[in-house]
Structures are given as C-alpha cells and as structure tokens.
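The structure appears below as structure tokens.
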Amino acid sequence: MEKENEPPVSDRKKFDYYAEIEEPLNEPMQLKIDKIKAAAASGKILYLSAFEKNASVSEIKAKYAGLAPGEKSDEIYKLAGRIMIFRVHGKATFCDLKDADDKIQLYLNIKNTGEDKYNEFLELDIGDWIGVEGSVFVTHKGELSINVSDYKLLSKSIRIMPEKWHGLKDVEIRYRQRYLDFIVNPEIKKVFMIRIKTIDAIRQFLNSRGFLEVETPMLQPIPGGATAKPFVTHHNALDIDMYLRIAPELYLKRLLVGGFERVYEINRNFRNEGISHKHNPEFTMVEFYQAFADYNDLMILTEELFKYTAMQATGTMDFKYRDNKISFSGKWEKISMLDAIEKYSGISFSFDMNILEMKNIAGKLGVEISENFGKGKIINEVFEKTVEPCLIQPTFIKDYPIEISPLARKHPENANLTERFELFVGGEEVANAFSELIDPKDQMARFSKQAESSDEEERITGKIDLDFIKALEYGMPPAAGEGIGIDRLVMILTDSRSIRDVILFPLMKPEKE
RNA sequence: GGGCCGUUAGCUCAGCAGGUAGAGCACCGGACUUUUAAUCCGGGUGUCGAAGGUUCGACUCCUUCACGGCUCACCA
C-alpha cells in the first residue's frame, strides 16, 4: 500500500489528494477535478450537509399520474437525487433525476432560472447529487417533469458513470462495486427487495406462531451443529483461538434446555469451503426450534411458511427457475428417501442388503463410492445422483440414514434411519429439518464417532462440545428443528443463476495492486 | 482443486497471416427554448490484465502469473 513517492508525514498537509486518485487519470476525470479545484478556490461548497426535501419522485408520479400534456401544478416541490443524463437544447435543458425509488425528468429554461443559474447548471456533471425546487408539468410528448426554478449542488461526483444505454455488464465490477450496479442497473433492486421482503415475511410468520427471535454466538470456542470447515480467528486478551460459527444449532438447543419453547435466529453462518455459484463463504440461514414437535409437524409448518413467504415477497406462488416452472401451490409431496430412489431409478434399496451388493448397484449408476462408505452414505450418494435433479416441484424427502445425520433422532421403526427431512425445490436443497436428538448418551456416542472419523473434515468439526452434552444432561424437551438457506430460497424466488446475484456484497478475491 | 473460456478507452464492444489500435456512449469545443439512447458539426482521450520468451518488430504467437465466468468435484 505504501507508495515510494509518498511524502513524509510532516508534509501530508500539502499532499495533493486529487493527484493521487488514479494513475493515469483519464481526461474527463481530470477536467472534473479541475472544475472542482476551481470551484473550491472560489469558495464554493461542493458537499452540503443537508437538504430539506418535501417529496419523493414516486410520490410526485403517483399524485400527478392523471396530468395531461400542457397541464401543470401550482405547488412547488423540493426533490433531491442524482443526475443521470443531460439533454441540452440551447436555452432549455432536460435532465433525469434519480432518487431512491424512481427517476423523473427535470426541465430548465433560461427564462425561468435566469442566465447565471442556467449556465451554472450546465456545469454540473452526470453523477452529481442535487436538490431542486420547481412545479410539476407534463411536456408535449407526455412526460411528467419538474419545471425547475432553483437548484443546489449537494454532492459532487468525481468519477465517470458507466454507460447510460448498455449499463454495467462486467459481473466482476458489478459484484465488487455493487453501488455502481444499483445506480446503473436499477432492475437489480427488485431482486434485493424480494430478499428483504423474504426475510421480513419469515420473521412475521415465525413471530405469529409464537417463535422468539434470539441471537446466539457467532464467535464460538467450538464450532458445531454441522459438518464443515470453520474460519479460525484469535482472541488476543484471552489468547485463545475462536471460530466463526458454522451453525447456531447447539446454542438454540441450549435455549430449549433453558425452557424456551419456540426460538429462531436469522443470521449468517460461515463455512471455510469452496466458492461456487451456489456457495458463498458467509450465507444466511433461518434456523428454528419448536419444543414438543416432531419432523411431521415441521413439514406442515414449512409448507405454510414457504407459501406465506412467497406471496408476501413476490405476490405469486408460481415461478420460473432456470428452465423450469415451479409452483408452490397445491399440496407438496412427501416421500421417504428409499421410496424416492425406487420411484425415480427403480432400485429397491434396503438395509438388509449386502453392502457389496449396494456398492455394485451404485457403481453401475456411475456413483463414486469410497472404501469407507457405509450403507447409509451409499444410499445418500445414489439419492443425490438419481433423485435430486428430478425434484423440481417442492418435495419433502424424509427418513434419512442415521450415518449422515449425527444430530437427528432415530426413526422408531428403523434404527438405520432418522426422523429427518429435507425440502427440495428446483432440484436443490433449501431446507433441512429433523426431530432432535435429546438423549445425551446417544448424542455423545454420535459425536465420538464423528471425532474418530477417517474423514479429516468431520474430525475438525467433531471437537466435542461437552458443555452442550452437559446441557442435554439437564434435560432437553422433545423438539424438532429446521434450517432454511435464505440465499437459496431467494435465488428461486428471483430466478437468479448465482448466489452472488442475491448477496449485496459477495466475497471476491481482493484485487492486487 | 481440475477442465474450458474471457480480460482492448471511464462504460459497452470491434480489431490484427505479427507492422504498437477503432466504433458507440461518456467527455471537450460549437449550434440548438418541449427533448427523452435528443439531433447536427468538429475533437480519440489507450501501460491492448501482468511478467517473461520467440521475432527486425508482439495487442496479436508461446510460457508463467493475476482476476473473473462457466463447468466438474465438496459443501447449504
């Protein structure tokens, strides 16, 4: 970061900020900087502290929607926004002003503003923030406009805006400089509005069902509740390593031990793994727990939650996602994992089968099986390969093998299975839930098995959280819990190709100097 | 991490069997008092992602690297 030609600290006052912005400086920017320097030298204030506006563009547009060409209002409005484009016609000028939700055309006429003010206006640049005062009218061509009588520069823009017509297409710049993306590609705001409304709807729904929103540690001494590599950090004063949480699960369950019956948390989890169009290192989940409920209760609740959320966030239950049409309406299918495999691939697996026979079948399907895979893991691999891509409409897959479900309660009818379901939409998993394991002895046994696993990743996350076991020893009520990946859900609701399209500031590798 | 592709002006993109680049928008100068991608006249503003190599000569060919996209593997 240090530059060789950087002046010593004592000379910093003389340091020319504008000369250091970028090297080399393009001509349009250089001219803007010259303009700024000249204005500053003449005592002009380029960055005001506030502007008292009395209307927004969308309010004006709603109020004067019925105005006919040639008609005008007597009322004077004060609006503020960013200049997006100029159309100069000699002694009259049009320009578009964009505020938070919409944009409106400004009209300046030298006769109305006076010569000095008019000419000064032409010195403004695209990107500048201004406050304007004027009346509403409709042009000959039918465009609702503001006839500006006075204006103020509120904040000066130094950089050049991307192109007005093609916008900003370079996805790298769009993700890195999301603010520019919002300025130039306003349609992306719809995606993020759906995200905002989705989270809001989930809160409303859970609150209405008596769930309490809580906050549990993101900085944890032992990361648990999922199988994933954690981010490691260090607490200086305590001189201990800490981990960013991979899931809130174990803390939310402690609250059930403490007597809370329904809790939820909406926030980030962090997993130190690969980045892809489906994976960002930090992602948002809602996780909730309901005492005295089992996974069947949560299937009913989940279906209601998704339907409510979809309607609140988008106003519809029918979506296009990639090449598929998805509908949240109607009753959602519930099918066990083994039945689903039989339904979609014709293979009838059972735990009575010889493991070699299972490996054989899996091998024929082209599923890669490691030596150490047990029956449950083989079944899951076959499921992912043959069934998952077919689950376009919302489908609950239930009764997962115990081998891949270390925190779920055993199925009462089959000790190889658990009371667990996942919800699939568009061929992808969006929710994962189960009747919770509440027997400390059983939980300890499963943690120990994980800790001894030959899989390195499982071992890292297999550090046993003895305090959690202790909590269970005080008695946790029967409960069911669920996690829903909000980024994934928003991707479906907005037909987004990449998780980065639904995250405001997705992680990007730092640009090198 | 593997494979494939991309990176040229502030933005969107051309270009080249190897002779150091050109359009539109933006920007600058001029005309224009209801336009809306305003129009008309004039002006190209560049470390062709970075570093090596081949060559008389590289934006172009080769190698390595960086960043990004798609895809496979793993995970949500």
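It should be emphasised that the depicted structure is a prediction, and the values quoted were computed from it without experimental measurement. Below, read A as the first sequence line, B as the second, and so on, with proteins coming before strands; counting in each chain starts at 1.
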Task: Plane angle bin for A/Trp332 and A/Phe396 - parallel if under 30°, tilted between 30 and 60°, otherwise perpendicular - done: tilted
Open item on the list: Regarding A/Asp501 and A/Tyr175, do their side chains bring together a donor and an acceptor under 3.5 Å, going by distance alone?
Closed with: yes
TODO: Measure from NZ on A/Lys278 to P on B/C70 and round the result to the nearest Å.
DONE: 13 Å
- [ ] Report the residue (A/Gly90 or A/Gly167) whose heavy-atom-nearest nucleotide on RNA chain B is the more 5′ of the two.
- [x] A/Gly167
TODO: Could you state the atom-to-atom distance from CD of A/Glu115 to P of B/U33 in whole Å?
DONE: 13 Å
TODO: Could you work out which one of B/C11, B/G10, B/A38 sits closest to the side chain of A/Pro162?
DONE: B/C11
Open item on the list: Within the 4.0 Å heavy-atom criterion, would you say A/Asp170 contacts the bases, only the backbone, or no part of the nucleic acid?
Closed with: sugar-phosphate
TODO: Anything under 30° is parallel, anything over 60° is perpendicular, the rest tilted; go ahead and classify A/Phe192 against A/Phe182.
DONE: tilted
Open item on the list: Is A/Lys141 close enough to B/U35 that one of its side-chain N or O atoms is under 4.0 Å from OP1 or OP2 there?
Closed with: yes
Open item on the list: Tell me the interatomic distance from A/His277, atom NE2, to B/A76, atom P, rounded to whole angstroms.
Closed with: 15 Å
TODO: Pick base, sugar-phosphate or nothing for A/Ile484, based on heavy-atom distances below 4.0 Å to the nucleic acid.
DONE: nothing
Task: Residue-phosphate contact under 4.0 Å: A/Lys169 side-chain N/O, B/G6 OP1/OP2 - done: no
- [ ] May I ask which nucleotide in the shown strands pairs with B/C67, Watson-Crick or G-U wobble, both distances under 3.5 Å?
- [x] B/G6
TODO: Determine the interatomic distance between P on B/A23 and the same-named atom on B/G15; round to the nearest Å.
DONE: 14 Å
Open item on the list: Angle between ring planes, A/Tyr107 versus A/Phe94, binned at 30° and 60°: parallel, tilted or perpendicular?
Closed with: tilted
TODO: Could you work out the separation of B/A9 and B/C5 based on their C1' atoms and round it to a whole Å?
DONE: 24 Å
Open item on the list: So if I take every side-chain heavy atom of A/His89 and compare against B/A38, B/G68, B/A73, which nucleotide ends up nearest?
Closed with: B/A38
Open item on the list: In whole Å, I'd like the distance from the CD1 atom of A/Ile173 to the P atom of B/G69.
Closed with: 13 Å
Open item on the list: From C-beta outward on A/Glu27, which listed nucleotide comes closest to its side chain: B/A37, B/U33, B/U45?
Closed with: B/U45
TODO: Select one nucleotide: of B/C25, B/U33, B/U34, the one nearest the side-chain heavy atoms of A/Phe94.
DONE: B/U34
- [ ] Side chain of A/Ile499 only, please: which of B/G68, B/A76, B/U35 is the nearest?
- [x] B/A76
Open item on the list: When you measure only distances, ignoring hydrogens and angles, does the side chain of A/Gln105 come within 3.5 Å of the base of B/U35 through a donor and an acceptor?
Closed with: yes
- [ ] Assign A/Asp34 to base, sugar-phosphate, or nothing according to its heavy-atom contacts below 4.0 angstrom with the strands shown.
- [x] nothing
Open item on the list: Please report whether the ring centroid of A/Tyr151 lies less than 6.0 Å from that of A/Phe121.
Closed with: yes
Task: Most 5' of A/Lys91 and A/Arg271 on RNA chain B, judged by nearest nucleotide - done: A/Lys91
Task: Heavy atoms from other residues, nucleotides or ligands near CD of A/Glu187 exceed 12 (cutoff 6.0 Å) - done: yes
TODO: Report which part of the nucleic acid A/Val88 touches: base, sugar-phosphate, or nothing (heavy-atom distance under 4.0 Å, all strands).
DONE: base
Open item on the list: Tell me whether the count of non-hydrogen atoms from other residues, nucleotides or ligands lying under 6.0 Å of NZ in A/Lys111 goes above 12.
Closed with: no
TODO: Identify which nucleotide among B/A38, B/C28, B/A26 has an atom closest to any side-chain atom of A/Pro28, counting heavy atoms from C-beta outward.
DONE: B/A26
- [ ] Have a look at A/Met508 and say if it touches a base, only the backbone sugar-phosphate, or nothing, with a 4.0 Å heavy-atom cut-off.
- [x] sugar-phosphate
TODO: Starting from P on B/C11, measure out to CD on A/Gln177 and report it in whole angstrom.
DONE: 9 Å
- [ ] Go through B/G24, B/C67, B/A76 for me and flag the one nearest to the A/Glu429 side chain.
- [x] B/A76
Open item on the list: With the stacking rule set at 5.5 Å and 30°, tell me whether A/Phe283 counts as stacking on B/A76.
Closed with: yes
Task: Integer-rounded Å distance: B/U12 C1' and A/Ile160 CD1 - done: 16 Å
Task: A/Lys164, nearest nucleotide to its side chain (from B/G68, B/A37, B/U36) - done: B/A37
- [ ] Choose from B/G68, B/A26, B/C70 the nucleotide whose nearest atom is closest to any side-chain atom of A/Glu172.
- [x] B/G68
Task: Minimum-distance nucleotide (side-chain atoms of A/Glu143 versus B/A73, B/A37, B/U35) - done: B/U35
Open item on the list: Between A/Phe383 and A/Phe424 (judged by ring centroids, cut-off 6.0 Å), do the two rings come close enough to count as a pair?
Closed with: yes
TODO: Classify the nucleic acid contact of A/Gly483 as base, sugar-phosphate or nothing, counting any heavy atom under 4.0 Å across all strands shown.
DONE: nothing
TODO: Tell whether A/Asn109 reaches the base of B/U33 with its side chain through a donor-acceptor pair below 3.5 angstrom.
DONE: yes
Task: Nearest-angstrom distance from the residue atom CE of A/Met29 to P of B/U45 - done: 18 Å
Task: Rounded distance in Å - CZ (A/Arg174) to C1' (B/G6) - done: 17 Å
